[in-house]
Every structure is written in structure tokens, then in C-alpha cells.
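Residue numbers start from 1 in every chain, and the chains themselves are labelled A, B, ... in the order their sequence lines are given, proteins ahead of strands. Remember, it's a predicted structure, so these values are computed and weren't measured experimentally.
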Amino acid sequence: MNELYIIIAGSMVAISCGLLGCYLILRKMAMVGDAISHAVLPGIVIAFLLAGNRDSITMLLGAGLIGVFTTFLIEFLHRKGNLQSDASIGVTFTWLFALGVILISVYAGQVDLDQDCVLYGEIAYVPLDLWILRDGTNLGPRTLYVLSFVLLFVLIFIAVGYKELFLTTFDPAYAAAIGISATLWHYLLMGAVSFTTVAAFESVGAILVVALLIAPPATAYLLTDDLKKMLMITAGLGVVISTFGYYLAASIDASIAGAMSTVAGLLFALVFLFSPSHGLIFKTRTRNAIASSRATTD
Amino acid sequence: MIQQVDNPVLEVHDLTVSYDKKPVLWGIDLTIPKGSLVGIIGPNGAGKSTLIKSIMGLIPLGSGYTELFGASLDQVRNKVSYVPQRGSVDWDFPASVRDVVLMGRYGKLGLFRRPKKADHEAAMTALGQVSMELYVNRQISQLSGGQQQRVFLARALAQQADIYFLDEPFAGVDAATEEAIITLLRKMSEEGKTVIVVHHDLQSVETYFNWVIMLNTRLVASGPTSEVFNQRLLQETYGGKLTLLSEVGNLLKKGQFPNRETAP
């Protein structure tokens with residue numbers, strides 16, 4: 001049962017992150033997820049200092065607010081400061097992360113908190129953190145409820161805003177010209193990424209979240225030329241990565257998050273080489289075929 | 001020479017726009033009559049694209065205002081269409097020709113509503129107008145430059161608007177596409193639609209457009225082609241770029257215009 005819980009948790013994170021990640025890579029903002037997962041550290045510390053406990057709702061709120069603030073800051077530096085978007089991402093998240101580190105070291109005595117427990121949630125603990133009612137009824141792992149809610153939220157967001165996200169990602173100027181605010185949808189997407197990243201990494205760890213935001217969509221991008229199919233392939237890959245990752249970890253007794261990220265990387269490498277449309281081998285073969293057919297006709 | 005008209009479809013009043021304190025457009029005041037086929041010409045950096053972007057509300061205005069059909073843009077958005085520069089988007093985006101043309105219907109649809117049969121029909125009609133029906137299921141990454149431009153035009157046509165702004169639709173397209181597009185624009189103008197085009201090729205201005213806007217940060221001229229497209233105003237528009245100026249002058253004397261605007 002425990003392994004099923006972990007695989008389900010992994011799949012739900014992979015699908016939620018992957019679907020949003022599709023839009024991030026198409027907007028050439030892939031590193032925003034990485035930035036958010038680090039930049040939220042001060043938010044978590046401040047939430048802890050204000051509330052005085054490690055209640056996950058408080059933490060989630062603090063982290064979520066800083067996450068949205070991060071995206072605002074990135075956009076602000078990019079638009080108003082004329083800074084390249086990758087540079088503004090780099091500046092923003094490093095100083096926010098540093099601020100978090102300083103806060104932790106200054107309040108080290110009062111804070112039962114360190115970078116490890118904030119950044120590297122552990123997916124292996126999913127089956128341990130059970131939701132047990134007062135009368136003793138066991139409702140199963142608490143994380144699964146949080147992640148189901150996140151997944152549902154992401155699915156509804158994309159289903160409702162599919163047209164708008166599609167258009168503002170492809171051609172923001174035209175979107176604005178026909179009265180669909182590209183800025184509004186940018187922040188809605190970034191808000192969703194922020195919320196998802198924070199909710200997911202608390203349960204499964206930041207490394208896995210960052211890997212799952214980018215690797216499955218990047219793999220799907222190499223397999224199709226259709227956004228709807230790209231979203232579906234990403235979701236499918238999420239389940240595959242989570243399942244194979246778990247069994248890989250179990251068989252070699254290694255970190256589950258590490259194994260899942262590794263599987264994600266391996267799948268990407270396979271597709272990069274062997275994709276029927278965009279794969280390296282297929283492309284080289286076509287080029288050689290064209291070259292040799294020209295040689296024979298010449 | 002700036003000719004103003006009564007009951008214009010487009011009015012630009014005292015428009016000033018600047019990027020980083022440097023003015024790009026300065027005190028533009030013009031009116032355009034309904035059904036015109038308008039060419040906006042001027043040297044590189046003269047503010048041609050900026051002018052239509054400001055009218056489309058894509059750039060904050062320094063001063064002044066623009067009105068379409070005597071109202072503000074927000075009140076008449078459904079009647080206004082825009083074709084951005086082809087190079088402004090990523091053509092490797094995972095989308096088909098159908099997906100892109102249907103975007104023209106999104107403004108009318110609003111949130112929560114998916115494109116319906118009528119929207120698909122409008123998209124197909126628009127593709128037919130640019131002779132691209134056969135490419136409806138094609139991925140946009142597989143299109144040539146000319147085909148990309150036709151798809152962009154079809155998306156604007158699918159809006160079924162009354163005024164169209166096109167940003168350099170003839171840049172980098174093949175001769176057949178240019179011919180097809182100008183034929184279509186003429187037909188639209190005959191049907192009473194107003195078409196405003198940012199244009200680079202001085203040679204074709206007289207045959208393509210019946211109204212010309214000559215721009216070089218300030219408005220040099222706006223009026224019927226036959227009245228404003230002359231040597232004196234061209235020199236005023238392209239003035240300062242001496243090599244080009246004499247080139248234009250020489251060619252004008254010979255009664256022909258340079259094939260493409262050359263960089264100074």
C-alpha cells in the first residue's frame with residue numbers, strides 16, 4: 001500500500017507541475033519554477049516566526065505570497081529595468097534565498113527549521129503523515145489530499161483558461177489587441193505555478209518539483225506539434241516517471257525523488273535521440289538520405 | 001501637407017510616444033476616411049510600427065488620444081483587427097493553422113466558451129480568402145514565410161472587423177503572396193473596410209494605396225496618394241539620410257522608385 005501511495009503522490013505532482021511546465025517552456029520561462037522553489041524560503045521563515053509553529057497551512061500561505069511576489073519582481077525588473085528575463089530571474093531568486101538563509105541563521109535559536117527541511121521535503125514520508133480524525137478514523141496520507149486539491153486546481157485552471165493561455169503564450173501582442181490581457185494571464189499562470197510549486201515541494205521536495213516542471217514538458221515538446229497532445233503526453237510521462245522512478249529507487253535502495261528525476265532525464269535523453277519527428281537520429285538520417293539522393297541524381 | 005477629413009474612421013489627435021525619454025512619435029494629428037487603403041511610409045525608426053501599436057493600445061501614450069469610429073478602442077474592439085509583424089512570434093510553437101486562425105474568434109467568444117461551428121466556418125472562410133484552405137491541418141512550423149503571413153492575415157479576417165492594421169505584411173514574402181495579399185486588401189477596401197498598412201517598398205506605393213501617411217517621428221504628410229506622394233514630401237520624410245535622399249531624388253527624376261528601401 002505504501003508504495004502505491006508514493007507512486008500516486010509522485011504522479012499527481014508530476015501531472016500538476018508538468019501541465020503548467022508546458023506553458024512555462026513555451027514562454028521561455030522554464031527557470032521560473034526553480035526560482036520560485038528557492039525564493040520562497042524567506043516567506044516560510046517569516047510565516048514561522050509570525051505564527052510560531054510549523055503548521056503547514058501557515059507555511060503554505062507565507063511561501064505562496066513570496067512566490068507571487070517573486071514573479072512580480074522578475075517581471076518588474078524585466079519590463080521596467082530592461083533586464084533580460086533570465087538575468088532578472090537569477091537576481092531575484094538568489095537574493096530572496098539568501099535573505100531566507102540569513103533569517104534562519106539570525107533566528108537559529110528560536111527556529112526549529114533549516115534549509116534541508118524546507119527545501120528537501122521527502123516523498124518517502126508520504127505514507128507516514130496520515131490524516132487521522134479525532135475518533136481515530138484513518139483517512140490515509142494527508143499529502144494525497146493536498147496534492148489532489150492542487151491537481152484539481154491546475155486542471156480547472158487550464159480547462160477554463162485554455163484559449164487565453166494558448167493565445168497569450170503564442171502571441172501576447174495580438175491577444176492584447178483583441179482585448180485579452182496578456183499581463184493578467186501571465187500573473188494568473190505565475191500565481192498557479194507559485195501555488196503548485198510550494199504545495200508540491202512541501203510534500204515531495206524541491207528538486208523533484210523543478211525536475212517535473214521542465215523535463216516532462218520538454219520531452220513532450222520533442223514528440224508532438226500540437227499543444228493539446230503535448231499536455232496529454234506530459235501527463236502520461238508524469239505517471240511513467242513516477243512509477244519507474246519508485247521501482248528504480250526500491251531496487252537500488254536510493255532516494256526516491258532522485259530516482260524519479262533520473263528517470264525523467266533518461267526519458268528525455270531517449271526521446272531527444274529517437275523521437276520520430278524531432279529526434280537527433282531521425283534528423284541525421286533524413287539529412288543523409290537527402291544528401292545521398294542528391295549525390296545519385298547528380 | 002496634412003489633409004483632415006470629416007467623419008473619419010480613425011482619428012489620431014496630438015499623439016506623442018517616447019521610449020526611454022527619446023520621442024518616437026511627436027505631435028501626430030491625422031484623420032483617415034472610411035474605405036481607404038492606407039500606406040504608412042518612412043525611414044527605419046520613423047515610428048511606423050509604433051503608430052499602429054499606439055492605436056491598438058499596445059504602448060502607453062505620452063500625450064494625445066486616438067479614436068476609432070468616433071469612440072475609444074475599448075468600445076469598438078470587435079470592429080478592429082491587427083496583424084503583427086510575422087517575426088514577432090515563435091513559429092515553432094505547437095499549433096496548427098486552424099488553431100492560429102481560430103484565435104481571431106477569441107475576442108468575440110470571451111472566457112469559458114469554446115469555438116463553435118460558426119467560428120470554425122468563419123476560420124475556413126478566412127483561410128479561403130488567402131487561398132490556404134488546404135493547409136488547415138498543417139503545423140505552423142512547416143509553413144513558408146509567405147504562408148505564415150497569409151495565416152496571420154486569415155486570423156485577422158476571421159475577426160470580421162471593419163478596420164485592419166497590418167504591420168509590414170509584405171516583408172520577406174514571395175511575389176505571389178504579395179500579389180494575393182494586395183488583391184485581397186483592395187477588395188476589402190472596395191467593400192468599405194479601412195485597411196492601414198506599414199509599408200517599406202516605395203516603388204509600389206502609388207499602385208497599392210489610395211492614401212499615404214508619411215512619417216519621420218513627426219507627421220510629414222497624410223492625404224490622397226496622388227496629392228502627397230511627390231518628390232518634395234519624400235525628401236522631407238527621408239531627409240537627413242543623405243545617400244538615400246539623393247538616391248530617391250535621382251530615381252524620382254527618372255520616374256521610377258527604388259525597389260526596396262535600402263538601409264543608409
Side-chain angles (χ1 to χ4, degrees), chain A residues 19 21-30 79-83 156-185 188 217-234 275 277-278 283 286, chain B residues 19-20 49 52-60 73-86 88-100 102-115 119 137-142 151-152 155-156 158-159 161 164-165 167:
Chain A
L19 293 178
C22 286
Y23 292 98
L24 288 183
I25 68 165
L26 290 174
R27 287 169 177 248
K28 303 177 174 53
M29 300 202 72
R79 289 258 173 92
K80 305 283 170 192
N82 278 335
L83 206 59
I156 290 174
F157 175 64
I158 291 178
V160 169
Y162 182 80
K163 287 198 318 291
E164 285 75 13
L165 284 170
F166 187 40
L167 176 55
T168 55
T169 304
F170 174 65
D171 192 348
Y174 181 75
I178 64 171
I180 294 173
S181 168
T183 317
L184 172 72
W185 284 93
L188 286 177
T219 312
Y221 180 77
L222 294 181
L223 285 170
T224 179
D225 282 325
D226 180 325
L227 181 62
K228 279 197 179 108
K229 282 184 194 144
M230 184 172 159
L231 291 167
M232 284 187 259
I233 293 174
T234 301
S275 159
S277 52
H278 297 72
K283 273 188 188 157
T286 326
Chain B
Y19 292 131
D20 296 329
S49 295
I52 64 175
K53 281 183 188 157
S54 345
I55 297 167
M56 292 310 300
L58 301 176
I59 300 180
L73 175 65
D74 281 324
Q75 292 166 299
V76 291
R77 234 182 246 279
N78 276 340
K79 293 162 85 176
V80 186
S81 188
Y82 171 54
V83 182
Q85 285 186 19
R86 185 163 55 84
S88 65
V89 304
D90 172 14
W91 288 94
D92 282 331
F93 197 87
S96 67
V97 167
R98 183 199 312 275
D99 293 333
V100 173
L102 274 174
M103 287 174 184
R105 309 293 299 173
Y106 286 7
K108 285 196 173 69
L109 278 172
L111 200 60
F112 298 117
R113 301 230 310 267
R114 287 165 188 286
D119 299 305
N137 292 317
R138 187 72 68 95
Q139 291 307 315
I140 57 169
S141 55
Q142 295 165 5
V151 169
F152 255 24
R155 177 175 71 174
Q159 272 182 266
Y164 293 80
F165 295 89
D167 201 344

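Note on ring orientation: taking the six-membered ring where Trp is involved, the planes of B/Trp91 and A/Phe170 are perpendicular (angle over 60°, cut-offs 30° and 60°).
Heavy atoms closer than 4.5 Å to chain A are found in the side chain of B/Ile140, but not in its backbone. The contact between A/Leu167 and chain B is made by backbone and side chain atoms together, counting heavy-atom distances below 4.5 Å. For a residue to count as touching a neighbouring chain, one of its non-hydrogen atoms must lie under 4.5 Å from one of that chain's; by this rule B/Val100 touches chain A with the side chain only. Interface remark: B/Phe165 contributes no atoms to any contact with chain A (heavy atom separation under 4.5 Å). B/Asp74 does not touch chain A: none of its heavy atoms, backbone or side chain, sits under 4.5 Å away. For A/Tyr162, no part sits under 4.5 Å from any heavy atom of chain B, backbone or side chain. Using a 4.5 Å cut-off between heavy atoms, A/Lys228 does not touch chain B at all.
Take B/Asn137 and apply the side-chain hydrogen bond (donor to acceptor under 3.5 Å, both in side chains) test, not counting sequence neighbours, and it matches B/Arg98. Here B/Arg138 pairs with nothing under the salt bridge (charged side-chain N to carboxylate O under 4.0 Å, His left out) rule; sequence neighbours left out.
Relative to the six-membered ring of A/Tyr174, B/Arg155 meets both conditions, a distance below 6.0 Å and an angle of at most 45° to the axis.
In terms of heavy-atom pairs under 4.5 Å with chain A, the best-connected choice from B/Lys108, B/Met103, B/Gln159 is B/Met103. Looking only at heavy-atom pairs under 4.5 Å with chain A, the residue among B/Pro84, B/Ser88, B/Ser96 that has the most is B/Pro84. Of all the listed residues (B/Pro115, B/Ser81, B/Gly104, B/Ala156), the one sharing the greatest number of non-hydrogen pairs under 4.5 Å with chain A is B/Gly104. Listed options B/Ala161, B/Pro94, B/Gly57 were ranked by heavy-atom pairs under 4.5 angstrom with chain A; first place goes to B/Pro94.
Rounding to the nearest 0.5 Å gives a distance of 8.5 Å between CD1 of B/Ile59 and OG of B/Ser49.
Side-chain rings of A/Trp185 and A/Phe166 stay apart, their centers remaining 6.0 Å or farther from each other.
Here the shortest heavy-atom pairing between A/Ala182 and A/Thr168 reads CA-CG2, 3.7 Å.
Between B/Asp167 and B/Arg86 there is no salt bridge, since no side-chain N of the basic residue sits under 4.0 Å from a carboxylate O of the acidic one.
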